[in-house]
S.K.: 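Please find one structure pasted underneath; my questions will follow.
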Amino acid sequence: FTMNVYLFAYDLMQFCGHSWIFTNMIIRFMTFGKDSLADTFHSIGLVMRLCQLLSVLEILHILIGIDKTCLLPRFLQITERIIVLFVVINSQEEVQGKYVVCVLFFLWNLLDVVRYTYNMLARMGIYYLPLTWLNFSLCILLYPLSVLAKGFAICVSLPYFESFGTYSIKLPFPFTFSIYFPYVLKMYLLVLFAGMCFIIRNIFSERTAHLGTGNIKNKRS
């Protein structure tokens, strides 16, 4: 019971954070139009970073056994966001004003508002069929789109990493070892899309388990 209360509070906190971001983005776009897109990161970036840092707790929840979600798919999804948000976007001010950042934040928050709403109700044993269907179906469409947006954000950032040498390391003599960070990002693109195939397969498995027979099972998201 105590763990359920804790998990409910965690889901509620994430729901409030992502709902605020999502609502803020909609209102800003309706008010300022396209001008709001370039300023997305500066307006909501702090709350977005806090929510993503907090999501690292989900890995701990799985490791200690209070959440029954599969570890590897969730680990991949969380690390993808952490790397793109903190390493790629946060470190390059020139990337922060790109429209792809707004698209990425919109996709992330739309998915998370639905997911955390479903999780909160599931903690109380409530399984609302339309919400369950939405939770396990929306991500099939939006997750690949978010991966494409992540890949595009990485590609957009490459010229800036090449120009500024951010995170590139060259050790002094007598060492001849160096790390050219744009190459690291290019290799990570392969990992990103390979992980997408694995995660999509897991999403389909979860959807079948919850909706395949038309019955909603009492299983945590």
Side-chain angles (χ1 to χ4, degrees), residues 6-29 31-32 35-63 67 69 71 73-117 119-120 139 142-143 145-158 160-161 164 166-168 181-182 184-185 188-189 191-192 195-196 199 221:
Y6 162 74
L7 290 173
F8 179 86
Y10 168 81
D11 291 330
L12 177 61
M13 189 180 305
Q14 287 281 36
F15 170 79
C16 291
H18 287 289
S19 295
W20 182 87
I21 295 172
F22 189 74
T23 304
N24 187 286
M25 291 180 67
I26 297 297
I27 293 176
R28 283 175 51 80
F29 182 76
T31 305
F32 302 108
D35 293 338
S36 67
L37 302 182
D39 197 38
T40 296
F41 184 84
H42 297 287
S43 301
I44 63 176
L46 176 60
V47 180
M48 192 71 195
R49 280 173 283 179
L50 290 175
C51 287
Q52 296 308 318
L53 284 176
L54 192 61
S55 70
V56 176
L57 288 175
E58 296 180 28
I59 299 175
L60 179 61
H61 297 163
I62 299 171
L63 288 174
D67 194 332
T69 305
L71 175 61
R74 194 72 197 119
F75 174 80
L76 290 175
Q77 288 176 301
I78 291 172
T79 52
E80 285 172 8
R81 293 190 181 189
I82 294 293
I83 290 172
V84 172
L85 179 59
F86 287 92
V87 178
V88 176
I89 299 175
N90 190 63
S91 66
Q92 299 296 337
E93 188 174 352
E94 291 78 5
V95 178
Q96 295 169 12
K98 304 294 185 182
Y99 287 171
V100 66
V101 175
C102 182
V103 173
L104 197 55
F105 283 10
F106 180 83
L107 293 173
W108 285 355
N109 285 282
L110 180 56
L111 284 169
D112 285 340
V113 167
V114 174
R115 185 167 70 88
Y116 288 115
T117 302
N119 284 351
M120 283 191 296
C139 52
L142 296 189
Y143 176 70
L145 292 178
S146 72
V147 172
L148 291 175
K150 292 172 196 172
F152 187 74
I154 291 174
C155 291
V156 168
S157 72
L158 287 175
Y160 302 108
F161 280 105
F164 303 136
T166 311
Y167 300 134
S168 293
F181 196 69
V184 176
L185 287 179
Y188 180 69
L189 281 173
V191 176
L192 186 65
M196 179 185 71
I199 291 172
S221 170

S.K.: Nearest heavy-atom pair of W20 and V47: which atoms, and what distance?
M.R.: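 Heavy atoms only, the tightest pair is CZ3-CG2, 3.6 Å.
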S.K.: Report, as yes or no, whether the 6.0 Å neighbourhood of atom CD on E93 holds more than 12 heavy atoms from other residues, nucleotides or ligands.
M.R.: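 No, CD of E93 has 12 or fewer neighbouring heavy atoms, counting only those of other groups under 6.0 Å.
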S.K.: So how far is it from T31 OG1 to I26 CD1, rounded to the nearest 0.5 Å?
M.R.: 11.0 Å
S.K.: So, for C51 and Q14, which heavy atoms are closest and what is the spacing to 0.1 Å?
M.R.: O-NE2, 3.2 Å
S.K.: Once rounded to the nearest 0.5 Å, what's the spacing between atom CZ of F8 and atom CG of L12?
M.R.: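 That separation rounds to 5.5 Å.
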S.K.: How far apart are the closest heavy atoms of T79 and Y188, and which atoms are they?
M.R.: O-OH, 4.3 Å
S.K.: For E80, give me all partners under salt bridge (Lys or Arg N to Asp or Glu O under 4.0 Å), at least two apart in sequence or on another chain.
M.R.: K150
S.K.: Please collect all salt bridge (Lys or Arg N to Asp or Glu O under 4.0 Å) contacts where either partner lies in residues 45-55, sequence neighbours excluded, each pair once.
M.R.: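 Pairs touching residues 45-55 that pass the test: none.
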S.K.: With rounding to the nearest 0.5 angstrom, report the CD1 to OG distance, I89 to S157.
M.R.: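 The CD1 atom of I89 sits 8.5 Å away from the OG atom of S157.
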S.K.: Residues in ring-ring contact (aromatic ring centres under 6.0 Å, His included) with Y167, at least two apart?
M.R.: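 Checked Y167 against ring-ring contact (aromatic ring centres under 6.0 Å, His included); matches are F181.
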S.K.: For E58 and D67, what are the C-alpha separation, side-chain angles and deciding distance, and is it a side-chain contact (heavy atoms from CB on, under 4.5 Å)?
M.R.: CA-CA 8 Å; E58 296 180 28; D67 194 332; 5.8 Å; no
S.K.: Between V147 and Y143, is a side-chain contact (heavy atoms from CB on, under 4.5 Å) present by the stated rule, with each step listed?
M.R.: CA-CA 6 Å; V147 172; Y143 176 70; 3.5 Å; yes
S.K.: Closer than 4.0 angstrom, basic N to acidic O: yes or no for D39 and R28?
M.R.: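 R28 and D39: salt-bridged.
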S.K.: Given F161 and S91, is the side-chain contact (heavy atoms from CB on, under 4.5 Å) satisfied, shown in steps?
M.R.: CA-CA 9 Å; F161 280 105; S91 66; 3.5 Å; yes
S.K.: Taking all non-hydrogen atoms of both residues, which atom of I82 and which atom of L53 are closest, and how far apart?
M.R.: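 Answer, listing the atom of I82 first, then L53: CD1-N, 4.4 Å.
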S.K.: First locate atom CZ of F152, then atom CG of L189, and finally report the distance between them rounded to the nearest 0.5 Å.
M.R.: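 The CG atom of L189 is 12.0 Å from CZ of F152, to the nearest 0.5 Å.
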S.K.: List the residues meeting salt bridge (Lys or Arg N to Asp or Glu O under 4.0 Å) with D11, not counting sequence neighbours, and say none if there are none.
M.R.: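 Scan of D11 (salt bridge (Lys or Arg N to Asp or Glu O under 4.0 Å), adjacent residues dropped) gives R123.
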S.K.: About how many Å separate CG of L192 and CD1 of I154, when rounded to the nearest 0.5 Å?
M.R.: 5.5 Å
S.K.: What residue pairs, at least two apart or across chains, pass salt bridge (Lys or Arg N to Asp or Glu O under 4.0 Å) with a residue in residues 97-112?
M.R.: R81-D112, D112-R115
S.K.: Pair up each side-chain donor or acceptor in residues 101-108 with any protein partner under 3.5 Å, not counting sequence neighbours, and list the distances.
M.R.:
none

S.K.: Assess the residue pair Y10 and S55 against the criterion (side-chain contact (heavy atoms from CB on, under 4.5 Å)); give the C-alpha distance rounded to whole Å, side-chain angles, the decisive distance to 0.1 Å, and a yes or no.
M.R.: CA-CA 9 Å; Y10 168 81; S55 70; 4.0 Å; yes
S.K.: To the nearest 0.5 Å, what is the distance between CG on L85 and CE on M48?
M.R.: 6.5 Å
